[in-house]
Amino acid sequence: MVNMGGLCHHHHHTIFLSSTNNTPPIHHKRSKKPTTAFAHPHNHSRASSSSSLSRLSRALVDTVSSGSMQHAHSLFDKMSHSNTFHWNLMIRGYTDNGFFLHALNLYLTMRFQGVPADHFTYPFVLKACGGLLDFREGEKVHGSLFKMGLAEDLYVCNSLIGMYGKFGHIDSAVKVFEEMPLPDLVSWNSMVGAYLMVQQYFTSLKWFRTMLQAGICPNKFSLINALEACSHCFYNLWGREVHCYALKIGFESDVMIQTSLLDMYSKCRLLSYAERIFDSISSRNIVAWNAMIGAYALNGQPIQAFDSLENILKDDKLAVDNVTLINLLPSCAQLGAVLQGKTIHGLAIRKSFLPHPVLETALLDMYGEFGILKLAEVTFDQMMDKNLITWNAMIAAYVQNDWYRKALKLFEELLSGYLKPDTVTIASILPAYANLASLRECRQIHGYIMKLNFHLNTFVSNSIMYMYASCGDLALACRIFRGMACRDIISWNTIIMAYAIHGMGRMSIELFSEMKSRGIEPNDSTFVSLLSACSNSGLVNEGWAYYNSMKLDYGIEPKIEHYGCMLDLIGRTGNLDQALSFIEEMPLLPTARIWGSLLNASRNKGNIELAELAAERILSIKHDNTGCYILLSNMYAEAGRWEKVEHIKSIMKKKGLEKTLPCSTVETKFRLHRFTNKQRSHDESAMVYEILDIISRNMGHGKCIHSATKFKPSELARKKANSPENHSVRLAICFGLISTKLGDPVLVRKNTRICEDCHVAAKRISHISKREIIVGDPKVFHHFRDGYCSCGDYW
DNA sequence: TTAGGGTTAG
């Protein structure tokens, strides 16, 4: 016996095995049908081999089994059309070869011509309906079975279960199962499979267990199904038990079972177990290799995936297929290996694997992760056969690359078509709402999500939480978090980050303690949230403590994001030397975002030399981070170095990056009001300016960076229009003060960082008006109250 | 002549 790596010596729970008590259950006997019961005059016996009809029959049988249906049809045309057997043969031929529509049409013609269908006919016909996903016709066929007296036939019922499983009509499948006289192994397997089809993995396992309890001995297909269910439940204990079962009933060297086991262990993130199974396979076919490549991709070992490809290519008996490439593409994305990715794309074309919806979606996905959205779009646009997953992948590609408007446009297009969004669609599109939508729109999409019943899904809830926090409603985000039935690590990371971006670092820390006390293990993203919280709230000592604890207590190596947070934290203290040496001592290559953080710190401290250094580095790195360029451009503008400003503008233009037109929005009960700098077109602008004047007078003339700079006369007019008194955020705040309920905070969102002057102004306004003013920029929310800001004047 | 088949995009 092959020892499958000795993986299942111990199992504490015997969920599946307990009922069987070591004695293999008796295999349910297939009830052999009495041949006479359904015989009818059209059936010809094989005995009359001398007749020409029989010779033709023989020829038809041979032709159909050879798969050339065109030839078969011409033979069929020459024959008498009164023989049910011949019709069955033809229908089977079409079904087996995937010509489901032909099969169904032939059946309908058969009925039209009055030829009686029998218990052989229906399994083929039902399979064709299933293949076509034609549930109207499927139900009609089901209806006619009662009249034919075939509704209790074992094979027909099993086919019905299979068909309803394909439709996802699980209730109908259950009904057929419950009403059939004697379900057999196939019936049970079909039920387990039906639940797999609708992704109800837990229920599927429950059926498997019930089957064992009913004394049905599983065959290899039962185990393959059960393993698939286990692989989705992320609970390898059950998987190991099925593994033991496989050993017990002697399937340990069946390559299909082994491949299923490999996949199950891989999906349970037990890569070494998967490898041991793979090593124990004596004859590895391409499917096993593909599964192993998929396992390496899933478990973050892209190099190993490519090594496996080498091995496949070396072996003459193995041929790369489309699944090989599909499984390999995520590894290219992980490695950032654009060239290899494109090579695989080329290979797919050369090998005529395209068009292929799964492969094309995998390519789209990869290009999205590379950030090469043009190629992702081309792939999407060229696809003949787009399914929901394709749409989801394109939406996710846009969102991951911050192309939110495009994402929303595509989402709308999806809604107007025949495809219905699923939880993945929703979880993918919500970040776009988080970035662009008003609170009212957020509530609308939230309502829509509730109507679809998707709000119970943890992924979706997490995204809703993030959306509300990003749009300024932290309280609602918190309520959603508290109301969640099932919180995962992402839920905790999200709520910690929510308080972080609102400058309430103490709350983040409190939530982190709560999370630990509930026994939830933090991961690297938890620390990104936590360190952001410390940085945004100026909790310098706490930040360092968590940074050290992350490595020492949790064994998590800091990634570039963590270094970024720490750099913001150091920058806040104004110790620029420490900031610079922190970058120099980092084991990772600094990104534009890292230098941007130093640039920001230098600018805040007024250290032009260091700012210049950071700027040079930002420009020398290839990146598409619009924010970094804008930061740089603003800094030069403040210093009056217009030639540098123009230079950056030209770089951005060359890269196709658009400078976002600064704008601020404020929401009233009825609509969203949008302001740009020096905008006078708004209905209430006269009133707004009046308020602005009152406030300006009240404030005296605060610090104004621009006033200290000498402008060229030609630029003076432009600069004046752009002077801080006219900045959109002030217009929005003033409008908010006069158009929202007294006592409510004024919530303003803007697409660029608030300037120093406006920050001073907002503090004053909050003091004078005695109202809380919340200004959200792409990174943080400033909560202004009684003349103070939650950011501690560093952002 | 009849049912179920391992790897496949997020």
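Residue numbers start from 1 in every chain, and the chains themselves are labelled A, B, ... in the order their sequence lines are given, proteins ahead of strands.
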### Task
Examine the base of B/dA9 for any acceptor or donor lying under 3.5 Å from a partner atom in the side chain of A/Asn387, and report the outcome as yes or no.
yes
### Query
Counting side-chain heavy atoms from CB outward, which of B/dG6, B/dA9, B/dG4 is closest to A/Lys127?
B/dG4
### Query
Separation of A/Phe221 atom CZ from B/dG6 atom P, in whole Å?
8 Å
### Task
Return the orientation label for the A/His102 and A/Phe99 ring planes: parallel under 30°, perpendicular over 60°, tilted otherwise.
perpendicular
### Message
I need the CE-P distance between A/Met264 and B/dT7, as an integer number of Å.
### Response
12 Å
### Summary
Rounded to whole Å, the CG-P distance (A/Asn322 to B/dA9) equals 12 Å
### Task
Report the distance from atom CG of A/Leu126 to atom C1' of B/dT2, rounded to the nearest whole Å.
11 Å
### Message
With a 4.0 Å cut-off on N to O distance, would you call A/Lys406 and A/Glu377 a salt bridge?
### Response
yes
### Message
Under the criterion of centre distance below 5.5 Å and interplanar angle below 30°, is A/Phe120 classified as stacked on the base of B/dT2?
### Response
no
### Message
Of the listed nucleotides (B/dG4, B/dT8, B/dG6), which one gets closest to any side-chain atom of A/Asn327?
### Response
B/dT8
### Task
Identify which nucleotide among B/dA9, B/dG6, B/dG4 has an atom closest to any side-chain atom of A/Asn219, counting heavy atoms from C-beta outward.
B/dG4
### Query
Looking at A/Phe380, is A/Lys386 sitting on its ring face, NZ or CZ under 6.0 Å from the six-membered ring centre and within 45 degrees of the normal?
yes
### Query
How about A/Trp188 and A/Phe208: are their ring centroids closer than 6.0 Å?
no
### Task
Determine: side-chain N/O of A/Lys267 to OP1/OP2 of B/dT8, distance under 4.0 Å, yes or no.
yes
### Task
Rounded off to whole Å, could you give me the CG-to-C1' distance for the A/Asn158 and B/dG4 pair?
8 Å
### Task
Could you tell me whether the side chain of A/Ser260 has a donor or acceptor atom within less than 3.5 Å of a complementary atom in the base of B/dG6?
no
### Query
Could you state the NZ-P distance from A/Lys220 to B/dT7, rounded to the nearest angstrom?
13 Å
### Query
If you check the A/Val255 side chain, which of B/dG4, B/dT8, B/dG6 turns out closest?
B/dG6
### Message
Students often get this wrong, so: under 4.0 angstrom with heavy atoms, is A/Asp254 touching a base, only sugar-phosphate, or nothing?
### Response
nothing
### Message
Between C1' on B/dT8 and CE on A/Met366, what's the gap in Å once rounded to a whole number?
### Response
16 Å
#### Entry: Closest to the A/Asn88 side chain, choosing from B/dA9, B/dG4, B/dT1
B/dT1
## Note on the structure
From the candidates B/dT1, B/dG5, B/dT8, the one with an atom nearest any side-chain atom of A/Arg92 is B/dT1
### Query
Contact class for A/Pro330 (heavy atom, under 4.0 Å): base, sugar-phosphate, or nothing?
nothing
### Query
Rounded to the Å, how far apart are A/Leu271 CG and B/dT7 C1'?
15 Å
### Residue whose closest nucleotide on DNA chain B lies nearer the 5' end, A/Asp96 versus A/Ile389
A/Asp96
### Query
Among B/dT2, B/dT7, B/dT1, which is the nearest nucleotide to the side chain of A/Phe85?
B/dT1
## Note on the structure
Out of B/dT1, B/dG4, B/dT2, minimum distance to the side chain of A/Tyr155 belongs to B/dT2
### Task
Consider the side chain of A/His119, meaning its heavy atoms from C-beta on, and name the nucleotide among B/dG5, B/dA9, B/dT2 that approaches it most closely.
B/dT2
### Message
Restricting to side-chain hydrogen bond (donor to acceptor under 3.5 Å, both in side chains), what partner residues turn up for A/Ser187, sequence neighbours left out?
### Response
A/Asn158, A/Asp184
### Message
Under the rule for salt bridge (charged side-chain N to carboxylate O under 4.0 Å, His left out), what residues qualify as partners of A/Lys342, not counting sequence neighbours?
### Response
none
### Message
Categorize A/Asp321 for me: base, sugar-phosphate, or nothing, with a 4.0 angstrom heavy-atom threshold over every strand shown.
### Response
nothing
